[in-house]
Number of protein chains: 2
Amino acid sequence: MPARAQGRGIPEATVARLPVYLRALSTLAEDGAGTVSSEELATAAGVNSAKLRKDLSYLGSYGTRGVGYDVDYLVYQVSRELGLTQDWPVVIVGLGHLGHALANYGGFASRGFAIRALVDADPELVDQQIAGLRVHPLEALEDLVRRLGIAIGVIATPAPVAQTICDRLVSAGVSSILNFAPVVLAVPDEVEVRKVDMSIELQILAFHEQRKLATAALGDVSRELAEAVGPR
Amino acid sequence: MPARAQGRGIPEATVARLPVYLRALSTLAEDGAGTVSSEELATAAGVNSAKLRKDLSYLGSYGTRGVGYDVDYLVYQVSRELGLTQDWPVVIVGLGHLGHALANYGGFASRGFAIRALVDADPELVDQQIAGLRVHPLEALEDLVRRLGIAIGVIATPAPVAQTICDRLVSAGVSSILNFAPVVLAVPDEVEVRKVDMSIELQILAFHEQRKLATAALGDVSRELAEAVGPR
DNA sequence: ATGCGCTTGTGAACGTGAGCACAAAGTCGT
DNA sequence: ACGACTTTGTGCTCACGTTCACAAGCGCAT
Ligand SMILES: NC(=O)c1ccc[n+]([C@@H]2O[C@H](COP(=O)([O-])OP(=O)(O)OC[C@H]3O[C@@H](n4cnc5c(N)ncnc54)[C@H](O)[C@@H]3O)[C@@H](O)[C@H]2O)c1
Ligand SMILES: NC(=O)c1ccc[n+]([C@@H]2O[C@H](COP(=O)([O-])OP(=O)(O)OC[C@H]3O[C@@H](n4cnc5c(N)ncnc54)[C@H](O)[C@@H]3O)[C@@H](O)[C@H]2O)c1
């Protein structure tokens, strides 16, 4: 997967950071800041200031030397680059614990996403209202996607059915998928999949946690060794 | 942040993939597979087979040339490397929609994590039972962490209080944090933070989605241009 | 034993990303 | 009008990560 495939493309690593910058900028805007320096914004976003400047430079030269960046203008430019000036309709498939939380979450609507359809296989859930939306049966999936022109699908079903749901979403025309099920989804090249996997994150933390313990124990051993040899 | 800081360290990128391999291996083990080739396992994990082999080679030489890897043995080795041979006690702070889903999720317990304590500031929630655990008041946080020897904390509170909770967790002795709140947390160097941010993932999808639309539109234009010039 | 076929483990080449350091370019006070 | 000061934008270097390609090693059939 070549990151900067096309001519004026933005590096993938930069794209992944733009939303973080956008959030920091929004907070600054709310606090009434007119301009920010790369140093300030970088601190707020938790990155190196040189990296921030380089990232922003891919979008164009929107800063003023000696001054910084106009907050509102930069919010607009980053939003535009990320495609957030329009609203993206989203379908959520699977309304168990996690799907419920997602459907009720206000943080999506405020950032350019509109949850437009909910789908679940459970007859108990179908026709119930969640967050003001009716839950549709699984059969309605393709029709909903086509009628509402949905390009982004969220999978919050049990792992065993995730691939099937994925296939159906893709064949109905969805080209971006956010997957919460702990499986690797197979999709055609033109479809983009991102996964959110909390177990993986915890396991990565466990790795580092164990390494801390191991090196601490090693420290103890060498201290004991030193003591065994005796003070000199 | 140097990835391979200490001598025999494993690259960070590799650590992030080990849990994926582990999951694929567990599935294979359930299906009764005795051995796997790097090719098969790589396909199951959605990566290049050379990358898989290099990743595994950091753990040691656990494969047999001409045959492949013994599934059970590799499961054990990867688990050990990730520190999953022991159970890690976890505290969840914030039991709203998301916290509820996390507390009820069975996928953690089965992978070396044990949710041991729930904490929320809402008096309505305190003393309720969620997934068989009592919800404790915020004041009890430090005491719980110390008494249960908790090293890993999960933050599922609203964004504005996340930093405060984080500080309290750290001062109580937590050294790994999984953060679901959309904020950048500031922590001492020795504390590891990982974030799960669904809005960011969606925004990255939106970026690519927009780019697809843009290039498609560009294709249309050039087709129109070609037609305007006329067939020759 | 020996050879054949298969799969691992890894050296080497390449591509991507991070960060330093500084010239270029602007602002602001005088 | 000018100089001092501030901050951006970027060339360059180095580190990290990915992928290729193949020799080394193992099992099995003969
Ligand atoms: N709950 C969590 O905190 C959490 C954490 C990490 C990962 N996950 C993953 O997220 C997914 C959902 O988790 P959950 O806790 O919400 O599970 P859940 O069992 O509470 O919900 C699953 C939902 O999917 C529905 N469903 C089942 N088959 C379906 C189908 N074929 N089509 C449409 N809907 C179908 C069910 O009716 C149910 O409502 C799982 O894959 C889980 O592993 C959940
Ligand atoms: N729900 C989602 O799908 C979703 C998606 C992405 C991100 N998030 C983020 O996850 C976090 C939680 O989301 P949610 O939907 O569960 O919110 P929620 O409002 O449903 O729950 C928040 C919980 O935190 C508790 N709380 C508030 N202040 C606290 C404090 N000082 N100490 C301890 N607990 C406190 C509240 O009592 C409540 O129970 C938020 O930061 C949200 O932005 C949620």
Side-chain angles (χ1 to χ4, degrees), chain A residues 1-18 20-21 24-25 28 33-71 73-74 77-78 81 204 207-208, chain B residues 1-21 24-25 28 33-71 73-74 77-78 81 204 208:
Chain A
M1 39 165 148
R4 224 171 309 173
Q6 306 292 20
R8 190 194 139 268
I10 296 181
E12 195 54 37
T14 296
V15 173
R17 282 188 294 267
L18 289 179
V20 181
Y21 302 156
L25 283 167
L28 285 167
T35 60
V36 246
S37 69
S38 61
E39 202 66 55
E40 292 171 297
L41 185 52
T43 305
V47 301
N48 178 302
S49 70
K51 183 150 66 179
L52 174 95
R53 286 198 298 277
K54 187 157 280 187
D55 283 342
L56 293 182
S57 77
Y58 290 114
L59 315 192
S61 279
Y62 298 134
T64 309
R65 292 167 192 234
V67 178
Y69 301 88
D70 182 286
V71 174
Y73 187 53
L74 198 53
Q77 289 298 344
V78 175
E81 194 67 44
I204 296 171
F207 171 83
H208 292 293
Chain B
M1 41 168 145
R4 224 171 309 173
Q6 305 293 21
R8 189 193 140 271
I10 296 180
E12 196 53 37
T14 297
V15 172
R17 281 187 295 267
L18 288 180
V20 180
Y21 302 156
L25 283 167
L28 285 166
T35 60
V36 245
S37 70
S38 61
E39 202 66 54
E40 292 170 296
L41 185 51
T43 305
V47 301
N48 178 302
S49 71
K51 182 149 65 178
L52 174 93
R53 287 198 299 278
K54 185 153 280 189
D55 283 342
L56 293 182
S57 76
Y58 290 114
L59 316 191
S61 277
Y62 299 133
T64 309
R65 290 166 193 239
V67 178
Y69 301 87
D70 182 285
V71 174
Y73 187 52
L74 198 53
Q77 289 299 343
V78 175
E81 194 67 44
I204 296 171
H208 293 293

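Every chain is numbered from 1, with letters handed out A, B, ... down the list of sequences.
- With a 4.5 Å cut-off on side-chain heavy atoms, A/Leu59 and A/Ile10 count as touching.
- With contacts defined as side-chain heavy-atom distances shorter than 4.5 Å, the pair B/Val20/B/Val47 does not qualify.
- D/dC26 atom P lies 16 Å from atom CG of B/Asp70, rounded to whole Å.
- For B/Ala42 against B/Ser49, the heavy-atom pair with the smallest separation is CB-CA, 3.5 Å.
- In this entry the distance linking OH of B/Tyr58 with P of C/dG9 reads 13 Å, nearest Å.
- For the pair A/Ser37 and D/dT7, the criterion of a side-chain N or O lying under 4.0 Å from OP1 or OP2 is not met.
- In this structure, B/Glu39 atom CD and C/dT7 atom C1' are separated by 10 Å, rounded to whole Å.
- Rounded to an integer number of Å, the gap from B/Ile10 CD1 to D/dC16 P is 15 Å.
- Every residue two or more places apart in sequence or in another chain was checked for a salt bridge (Lys or Arg N to Asp or Glu O under 4.0 Å) with A/Arg53, and none qualifies.
- Taking atom CG of residue A/Asp55 and atom P of nucleotide D/dT8, one finds them 14 Å apart after rounding to whole Å.
- Here the side chain of B/Ser38 is nearest to one of D/dT18, C/dG17, C/dT8, namely C/dT8.
- With rounding to the nearest 0.5 Å, the separation of NZ in B/Lys54 from CZ in B/Arg17 is 11.0 Å.
- Take the nearest nucleotide of DNA chain C for A/Thr14 and for B/Tyr69: the residue whose nucleotide is more 5' is B/Tyr69.
- Separating the CG atom of B/Leu74 from the C1' atom of C/dG9 is a distance of 14 Å, rounded to the nearest angstrom.
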> Using a cut-off of 4.0 Å between protein heavy atoms and nucleotide atoms, how would you tag nucleotides 20-30 of chain C 5' to 3' with B, S and -?
Replying inline: BB--BBSS---

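- Residues satisfying the side-chain hydrogen bond (donor to acceptor under 3.5 Å, both in side chains) criterion with A/Thr43, sequence neighbours excluded, are absent altogether.
- The nearest whole Å value for the distance from the CG atom in B/Leu41 to the C1' atom in C/dC6 is 17 Å.
- Proximity of A/Leu28 to A/Leu41: side-chain heavy atoms (C-beta onward) are separated by under 4.5 Å at one or more points.
- Residue A/Glu12 contributes atom CD, which lies 8 Å from atom P of C/dG17 at whole-angstrom precision.
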